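Notes for the one structure printed next.
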2 protein chains.
Amino acid sequence: MNQSIRLLLADDQALVRGALAALLDLEHDLEVVAQVGRGDEVVAAARAAGAQVALLDVEMPGLDGIGAAAALRAELPGCRSLIVTTFGRPGYLRRALEAGASGFLVKDTPAEQLADAVRRVHAGLRVVDPDLAVATLAVGANPLTAREQDVLRAAADGGTVADIARGTYLSEGTVRNYLSAAIGKTGARTRAEAGRIAAENGWLLR
Amino acid sequence: MNQSIRLLLADDQALVRGALAALLDLEHDLEVVAQVGRGDEVVAAARAAGAQVALLDVEMPGLDGIGAAAALRAELPGCRSLIVTTFGRPGYLRRALEAGASGFLVKDTPAEQLADAVRRVHAGLRVVDPDLAVATLAVGANPLTAREQDVLRAAADGGTVADIARGTYLSEGTVRNYLSAAIGKTGARTRAEAGRIAAENGWLLR
DNA sequence: GGTCGGCCATGACGGATGTCATGGCCGACC
DNA sequence: GGTCGGCCATGACATCCGTCATGGCCGACC
């Protein structure tokens with residue numbers, strides 16, 4: 001029999017992390033060798049434990065899972081990444097693939113499929129939800145410029161234009177211009193709607 | 001040796017549900033006898049399986065976990081409820097206890113504590129995160145009237161006043177009045193900020 | 001070198017938003 | 001029966017917001 005596949009788990013929710021470890025440890029050919037709760041601890045833990053596949057949640061403190069996948073790609077090219085996330089946002093998938101991730105699963109996937117996904121990723125195959133792939137193609141690439149994303153993110157917590165201007169070191173008129181551009185590009189009619197649409201498409205990461 | 005505690009799991013994310021089942025089945029005195037992905041299937045499944053403790057996520061389609069706890073309380077008083085949720089919102093805890101839930105855990109609790117929490121709930125004890133309990137007392141009860149919650153919820157997706165008025169069958173001026181009241185009560189300065197604050201405190205459920 | 005696009009800014013305009021005063025209707029409570 | 005508070009509405013006002021035109025600066029690309 002071959003050696004076990006060495007896994008790293010990264011998820012900020014300890015309960016979910018521990019439960020996934022229990023689930024995966026039931027498979028004789030899988031072995032969870034490291035668990036972390038922050039994205040910026042992934043590379044060091046993967047290196048120390050000799051992980052071959054990393055299961056990465058997107059929403060994590062320190063560094064998001066996609067950034068962690070990029071860091072792994074750069075520093076430990078032998079360790080493949082499988083993104084496991086709550087939200088099947090098109091922009092997440094696009095950026096995950098650009099970051100060199102080998103797979104992308106949403107958390108409402110049946111639990112029985114997780115181990116197989118890990119094995120396929122370890123074997124060098126890609127694992128992507130086909131529906132999400134289609135949706136990602138339909139949505140297209142992120143139309144927002146970096147600054148437009150900045151002001152939308154700053155507007156997300158409901159501050160006034162003056163607040164956003166202070167937070168981004170821009171003039172109020174410039175903030176209004178960026179918001180107007182973002183509203184136009186998203187097809188929205190208010191800044192709040194634009195922020196919601198952008199967030200749903202995964203355009204506000206980082 | 002005593003008989004196993006019979007558990008029901010309710011979580012809309014299949015992967016998390018299956019992983020929690022794997023984790024809990026590792027304990028010899030616990031047995032997962034039912035799994036559902038919707039809140040409105042909880043009571044029937046619990047009755048059919050003879051569940052003694054129900055692990056309920058708050059965010060679920062059909063009926064939220066707190067509503068499911070209330071339904072269990074009414075129809076199967078012998079089955080205790082343990083709420084397990086991503087968000088430690090004060091309003092969630094308050095409403096969960098009012099609904100007759102026996103416990104309330106957030107998902108960043110260490111996995112090792114989950115089984116003990118189940119045992120305590122089964123034994124008739126309450127299990128509540130003490131920090132969250134303090135925060136709940138500090139925040140106080142929900143100050144928003146039912147209509148104020150309605151318009152805030154309707155405003156959450158970023159529509160204009162006219163949209164909200166159409167959706168709630170109110171006049172535009174009335175909508176503005178309710179929004180203004182909600183802004184005042186939450187200490188916010190825009191409707192978006194008021195909506196964010198209300199959501200963070202768990203005041204917009206249902 | 002010219003063109004394009006992102007970035008930053010100003011100013012002006014119309015419309016939307018938040019506030020306030022006011023009033024009526026109803027059920028609950030003393 | 002009076003009072004209180006939630007609910008619904010109207011109207012007016014000052015402010016904020018979204019849009020547009022315009023301009024300058026810079027790096028990329030042909």
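Each chain gets a letter, A, B and so on, in the order its sequence line appears, and its residues count up from 1. Owing to the predicted nature of the structure, the values given are computational and were not obtained by experimental measurement.
For the atom pair CZ of B:R89 and CD of B:E200, the computed distance is 7.0 Å after rounding to the nearest 0.5 Å. Interatomic distance, A:E59 CD to A:D12 CG, rounded to the nearest 0.5 Å: 8.0 Å.
One can place CZ of B:R166 at 12 Å from P of C:dA16, the figure rounded to the nearest angstrom. Rounded to an integer number of Å, the gap from A:Y169 OH to C:dA9 C1' is 19 Å. Note: CG (A:L144) to P (C:dG5) measures 17 Å, nearest angstrom. Between the CD atom of B:Q149 and the P atom of D:dG6 there is a distance of 12 Å, given to the nearest Å. A:E193 has its CD atom 15 Å from the P atom of C:dA16, to the nearest Å. Rounded to an integer number of Å, the gap from A:L152 CG to D:dG18 P is 11 Å.
Partner assigned to D:dT15 is C:dA16, using Watson-Crick or G-U wobble distances below 3.5 angstrom. Nucleotide C:dC30 forms a pair with D:dG1, judged by Watson-Crick or G-U wobble geometry with both contacts under 3.5 Å. The pairing partner recorded for C:dG23 is D:dC8, the criterion being a Watson-Crick or G-U wobble arrangement whose two distances lie under 3.5 angstrom.
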Is there a side-chain contact (heavy atoms from CB on, under 4.5 Å) between B:L105 and B:I83? Walk through the geometry before answering. CA-CA 6 Å; B:L105 285 183; B:I83 305 284; over 6 Å; no
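Phosphate proximity of C:dT17 to B:T160: present, with a side-chain N or O under 4.0 Å from OP1 or OP2. Proximity of B:T145 to the phosphate of D:dC7: a side-chain N or O atom is located under 4.0 Å from OP1 or OP2.
Comparing B:A146 and B:E172 by the nucleotide of DNA chain D whose heavy atom lies nearest to each, the residue mapping closer to the 5' end is B:A146. Of the residues near DNA chain D, B:L170 and A:G159, the one whose nearest nucleotide (by heavy atom distance) lies more toward the 5' end is B:L170.
Pairing each heavy atom of B:I66 with each of B:Y92, the nearest pair is CD1-O, 3.4 Å.
Backbone-only engagement by A:R191 is indicated by non-hydrogen atom pairs under 4.0 Å involving sugar-phosphate atoms exclusively.
Remark: of the listed residues B:V106, B:V16, B:T109, B:T86, B:T86 is the sole one forming a side chain to side chain contact (heavy atoms under 4.5 Å, CB included) with A:Q13. The only member of A:L55, A:V127, A:V84 that meets side chain to side chain contact (heavy atoms under 4.5 Å, CB included) when paired with A:V118 is A:L55.
Across residues 174-185 of chain B, B:T174, B:R176, B:N177, B:Y178 each have a non-hydrogen atom less than 4.0 Å from an atom of DNA chain D (numbered order).
Comparing C:dA16, C:dG18, D:dC8 by their nearest atom to the side chain of B:R147 picks out D:dC8.
A donor-acceptor pair is defined here as one N or O able to donate and one able to accept, closer than 3.5 Å; such a pair exists between the side chain of A:Q149 and the backbone of A:L144.
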